[in-house]
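Read the structure below first, then the notes.
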Amino acid sequence: MTKNKEIILLGSTGSIGTQTIDLAKKKNIRISALSANRNVDLTEAQAREIRPLACAMADEASARDLRARLSDTDIKVYGGEQGVCEMIATSNADCVLDAISGAAGLAPALAAIDKKKTLALANKESLVMAGDILMQRARDNGVEVRPIDSEHSAIWQCLRSGKANEIKKLIITASGGPFFGQSREQVRYKSVKDTLAHPTWNMGAGITVDSATLMNKGFEVIEAAKLFGIDGDRIDVIVHRESIIHSMVEYIDNSVIAQLSVPDMRICINYALGYPDREAGVSAELDLCALSKLTFYKPDTEAFPLLAVAFDMLRVGGAMPAVLNAANEIAVGAFLKEEINFGEISETIIKVTDELSDLANESSLEAIIDADKTARARAKEIVSAIRRK
Ligand code: NDP
């Protein structure tokens, strides 16, 4: 497949989902199926505007609601997590764009691969949890996994400059988040509002908190290792406040190739959907002369310990990256509900990963799914204990 003129869009109501719809409208890309979880109002509006053949709501009650609301149309509505996978399996579109947030993105990603559909992947959690399994299954099925995350899109573009055996290391850039330069004590009691004020990117709530804790960068290290088959000791993270260089590849001759653009996810979505061609985009041009400077710093793993934890989990492997992701989803959810403070996000996660360290010896898909459940349950207990204090 060279061009995707018809796609299945998962997570259509989210930040990446709505930007994909915007791009698709401007570029005449057909979205023949879409899915969300509970946001029935927006899904109905999208369905009435886009007229897909099918929609799915992962939440069963929301699916019943949407089915009733769309009863005057011939759009088929699927319900439940299984329904999302069934919608993928029955669609004729040959590309799935997975922009679901969290662990829920894994099963549909695997369903797309099993049906030999190209996978344009924004959902980083599926690679964090089960990257080896997902990439192996993609190779076995001859399926391309095209990254949408901006750093991985950048690396993927930079990798066009050299051969695999010429790569020295990957350099992933990080904005540093809203609390860059502050100490562990200073960030401990940061409010939800302050945490959601990302300096350069406008994203969903979960990933914005992950950017503030640097967990997001840790996930991206794991994601890059799995996507590009590079060990963690050949991946560097560098803070680059302006979010203009989206990542780099250093080659054995010490040449560093970088990808630059304004921070706009539609560039990455456009590249993934147009690959291997570079198609005209819809985003603003980069005005280099308007930038006074580009700055670079080492990440502060004392104030933001989760980046180092992610490197550790990548190294020990097995189901530990899935444990890390599950504990993070629970801790971030509790923080967004103001049940724990900012500092307690990392404390909860570190406790869960320490306690469940034996799961490094487990690596089957079943064991990973079990580890996800066990880690969620333990993280919930820790959060409840914090609330009772
Ligand atoms: P949002 O929170 O904005 O949107 C999430 C989407 O997933 C919504 O459509 C939501 O539906 C749906 N969803 C949530 N839970 C479930 C579930 N259990 N089953 C099925 N669908 C579900 O997230 P983002 O768009 O910010 O991020 C999506 C993914 O892309 C994440 O993995 C994120 O890390 C990654 N990413 C995002 C970037 C960004 O700029 N936003 C950049 C790079 C990567 P509903 O609205 O009904 O809840």
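Everything numeric in this text was worked out from a predicted model, so none of it was measured. Atoms within each ligand, like the ligands themselves, are counted from 1 in listed order.
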message: Please determine whether the number of non-hydrogen atoms from other residues, nucleotides or ligands lying under 6.0 Å from atom CZ of R38 exceeds 12.
response: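 12 or below, so no.
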field: Within the protein, residues bringing a heavy atom under 4.0 Å of ligand 1, chain by chain
entry: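 Correct list: G11, S12, T13, G14, S15, I16, A36, N37, R38, N39, A58, A99, I100, S101, A104, A122, N123, K124, E125, D149, M203, G204, I207, M265.
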- request: Test Y78 against T90 for side-chain contact (heavy atoms from CB on, under 4.5 Å), laying out the working first.
  value: CA-CA 11 Å; Y78 294 85; T90 49; 3.0 Å; yes
task: May I ask you to decide whether D140 forms a salt bridge with R137, counting only side-chain N to carboxylate O separations under 4.0 Å?
output: no
query: Salt bridge check: are K76 and E86 linked by an N-O gap of less than 4.0 Å?
result: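 Judged by the 4.0 Å cut-off on N to carboxylate O distance, K76 and E86 do not form a salt bridge.
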- prompt: Which is it for E381 and K351 under the salt bridge (Lys or Arg N to Asp or Glu O under 4.0 Å) test, yes or no, and what are the steps along the way?
  reply: CA-CA 11 Å; E381 285 170 4; K351 213 164 183 178; over 6 Å; no
message: Test question: given the 4.5 Å side-chain rule for I, L, V, M, F, W and Y, name all other residues clustered with I267, or answer none.
response: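 Noted: I267 shares its cluster with I171, I238, I244, I245, M248, V256, L260, V262, L286, L288, L291, L294, F296.
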